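Data first, discussion second: the structure below is written as structure tokens.
Keep in mind that what you see is a predicted model, and the values were worked out from it rather than measured.
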Amino acid sequence: MIVLSGMMSAMLVSCSGSSDQPSALEELSVFSSQGHLVMIGGGPRPAEIMELIVSLSPDSTFIVVPMASAIADTIGWEHRDMFLGYGAKSVDIMMLEDDDIDRPEILEQLRTASGIWFSGGDQRQLMHYFGTDAMRAAVHEAWQNGAVIAGTSAGTAVQSAVMITGDERHGVRQPFGIIRHENVITTPGLGLLQNMIADQHFIRRSRLNRLFNVMLDEGVPFAAGIDEATALWFAGDGMVEVVGESQVILLDASGADSGIFAEGNLGARGIVTHILPPGSRFRWDGTQVQDLILPIDAAEL
């Protein structure tokens with residue numbers, strides 16, 4: 001990582017250890033999938049969002065994965081009943097132990113799923129079970145074959161290639177109260193969403209600082225801060241739509257300059273910010289945002 005003391009670099013600073021060669025999982029994640037991603041920002045789950053998720057499963061069947069929760073068994077049954085209440089035909093609860101990681105029967109169940117739901121909780125705990133290439137590839141295969149992969153809170157955080165853990169290295173009185181080099185601790189996620197980081201509870205918990213921090217440190221050109229009771233829906237045809245009750249903050253640093261300055265503070269210019277209410281849409285091919293529209297009658301502007 002280059003430390004700049006004067007002029008900003010001509011491109012985003014990339015994280016150390018990054019490679020120009022795509023991994024096998026990155027190659028799987030080109031947005032030509034037959035399936036869908038639905039990322040809820042936590043909090044209440046409006047009927048509009050849950051009915052959408054159920055409708056996107058080819059056969060209205062789901063696997064509920066509650067392993068991010070400290071009370072996984074309780075959450076598993078609650079979310080099973082929730083999906084059945086929204087019209088799912090059948091719901092299996094995937095309770096995992098360490099011996100289940102990479103087990104052929106589990107991999108097959110994931111690969112052939114029509115819908116996979118990741119509950120909220122601690123995303124690091126969830127990735128304890130899904131951190132191997134085989135487990136992640138099984139989820140990718142289901143998605144590529146037409147499944148809907150959905151989650152809330154931690155279940156949203158895990159869908160990015162770069163996953164925000166919720167921890168920081170240089171804490172001050174306010175959580176993530178600084179934008180400093182290598183402050184936000186990240187780990188690899190499922191890698192369904194490449195070149196864009198997803199964060200959750202975004203507006204309600206004032207998480208703009210940490211999202212700026214991660215984008216600049218990791219060299220990821222786009223980020224989506226999804227608020228509570230709101231979802232970002234990535235359709236298989238490349239269309240993305242905001243659904244729910246609040247907003248998504250979309251950050252575009254693809255044309256920005258950035259650098260590391262005195263005391264490790266990060267600086268940047270040219271980051272574009274979009275505030276997207278429900279009904280907003282854009283196209284996403286895995287590398288760029290295009291055709292962004294807001295659901296506003298021009299006469300009201």
Side-chain angles (χ1 to χ4, degrees), residues 29 31-66 68 75 79-80 82-88 91 94 110 113-121 123 126 130 136 139-161 163 189-194 196-202 222-250 276-284 286:
S29 298
F31 261 73
S32 59
S33 168
Q34 297 298 311
H36 302 259
L37 304 179
V38 181
M39 304 177 180
I40 305 175
R45 296 180 289 273
E48 176 188 9
I49 296 175
M50 299 311 300
E51 289 168 356
L52 169 67
I53 293 171
V54 171
S55 74
L56 294 175
S57 169
D59 60 6
S60 299
T61 66
F62 285 85
I63 297 172
V64 167
V65 184
I75 292 298
H79 287 199
R80 172 187 176 275
M82 173 184 69
F83 272 98
L84 291 173
Y86 282 113
V91 182
M94 181 173 280
L110 291 168
S114 292
I116 302 175
W117 167 262
F118 295 106
S119 74
Q123 52 264 41
L126 180 56
F130 283 82
R136 288 186 291 168
V139 177
H140 280 246
E141 186 171 338
W143 173 50
Q144 292 290 334
N145 289 336
V148 54
I149 313 298
T152 185
S153 191
T156 283
V158 298
Q159 296 189 47
S160 302
M163 185 184 81
L190 290 171
L192 297 163
L193 186 62
Q194 299 283 340
M196 184 183 291
I197 298 171
D199 201 355
Q200 69 276 12
H201 302 281
F202 195 73
F222 296 93
I226 307 167
D227 200 23
E228 295 183 1
T230 306
L232 198 57
W233 165 30
F234 291 81
D237 62 0
M239 183 63 74
V240 184
E241 182 173 348
V242 179
V243 185
E245 299 177 358
S246 185
Q247 298 123 315
V248 170
I249 307 301
L250 181 66
L276 306 181
S280 300
R281 295 184 178 186
F282 59 88
R283 290 202 170 273
W284 172 253

Would L56 and W233 count as a side chain to side chain contact (heavy atoms under 4.5 Å, CB included) here? Give the steps.
CA-CA 11 Å; L56 294 175; W233 165 30; 3.6 Å; yes
Which pair of non-hydrogen atoms, one from S55 and one from L52, has the smallest distance, and what is that distance?
OG-O, 2.7 Å
Starting at NE2 of H201, measure out to OG1 of T152 and round the result to the nearest 0.5 Å.
6.5 Å
Distance col, row I40:CD1 vs W117:CH2, nearest 0.5 angstrom, shows 4.0 Å
Could you tell me which residues satisfy side-chain hydrogen bond (donor to acceptor under 3.5 Å, both in side chains) with S160, sequence neighbours excluded, listed by chain and number?
none
Does some side-chain heavy atom of V158 sit less than 4.5 Å from a side-chain heavy atom of F130?
no
Nearest heavy atoms of P66 and M94, plus distance in Å
CD-O, 3.4 Å
Test side-chain hydrogen bond (donor to acceptor under 3.5 Å, both in side chains) applied to S246 - qualifying residues, sequence neighbours left out:
D227
Does the pair L126 and F118 meet the rule for a side chain to side chain contact (heavy atoms under 4.5 Å, CB included), with working shown?
CA-CA 9 Å; L126 180 56; F118 295 106; 3.7 Å; yes
Using the salt bridge (Lys or Arg N to Asp or Glu O under 4.0 Å) rule, collect all pairs that involve residues 46-56, keeping only residues at least two apart or in two chains.
none
Holding to side-chain hydrogen bond (donor to acceptor under 3.5 Å, both in side chains), I want the full list of residues that pass it with S119, two or more places apart in sequence or in another chain.
none
Does E241 have any salt bridge (charged side-chain N to carboxylate O under 4.0 Å, His left out) partners at least two apart in sequence or in another chain, and if so, which?
R281
Closest heavy-atom contact between I53 and V148?
O-CG1, 3.8 Å
In chain order, what residues pass the side chain to side chain contact (heavy atoms under 4.5 Å, CB included) check against P46, with sequence neighbours excluded?
I49, A229, E245
Between CE on residue M196 and CZ on residue F234, distance to nearest 0.5 Å:
4.5 Å
Give the minimum heavy-atom separation between A154 and Q200, together with the two atoms involved.
N-NE2, 4.3 Å
Listed by chain and number, what are the side-chain hydrogen bond (donor to acceptor under 3.5 Å, both in side chains) partners of S280, not counting sequence neighbours?
none
Taking atom CD of Q159 and atom CE of M39, what is their separation to the nearest 0.5 Å?
4.0 Å
Measure the shortest side-chain to side-chain distance between W143 and L190 over non-hydrogen atoms and say whether it is less than 4.5 angstrom.
no
Taking all heavy atoms of P58 and all of G146, pick out the closest pair and write down the distance.
CG-O, 3.4 Å
Shortest non-hydrogen separation from G151 to T156 and the atoms involved
O-OG1, 3.2 Å
How long is the gap from OG on S57 to NE2 on H36, to the nearest 0.5 Å?
10.0 Å
Atom CH2 in W284, atom CG in L232: separation rounded to 0.5 Å?
10.5 Å
Applying salt bridge (charged side-chain N to carboxylate O under 4.0 Å, His left out), name anything that partners R283, two or more places apart in sequence or on another chain.
none
If we ignore hydrogens and angles and just use 3.5 Å, is the side chain of H79 paired with the main-chain N or O of V65 as donor and acceptor?
no
Which is it for Q34 and N145 under the side chain to side chain contact (heavy atoms under 4.5 Å, CB included) test, yes or no, and what are the steps along the way?
CA-CA 6 Å; Q34 297 298 311; N145 289 336; over 6 Å; no
Considering residues at least two apart in sequence or located in another chain, which fulfil the ring-ring contact (aromatic ring centres under 6.0 Å, His included) criterion with F62?
F83
Is there a side chain to side chain contact (heavy atoms under 4.5 Å, CB included) between V64 and M82 once you walk through the steps?
CA-CA 10 Å; V64 167; M82 173 184 69; over 6 Å; no
ring-ring contact (aromatic ring centres under 6.0 Å, His included) filter on F282, not counting sequence neighbours, yields none
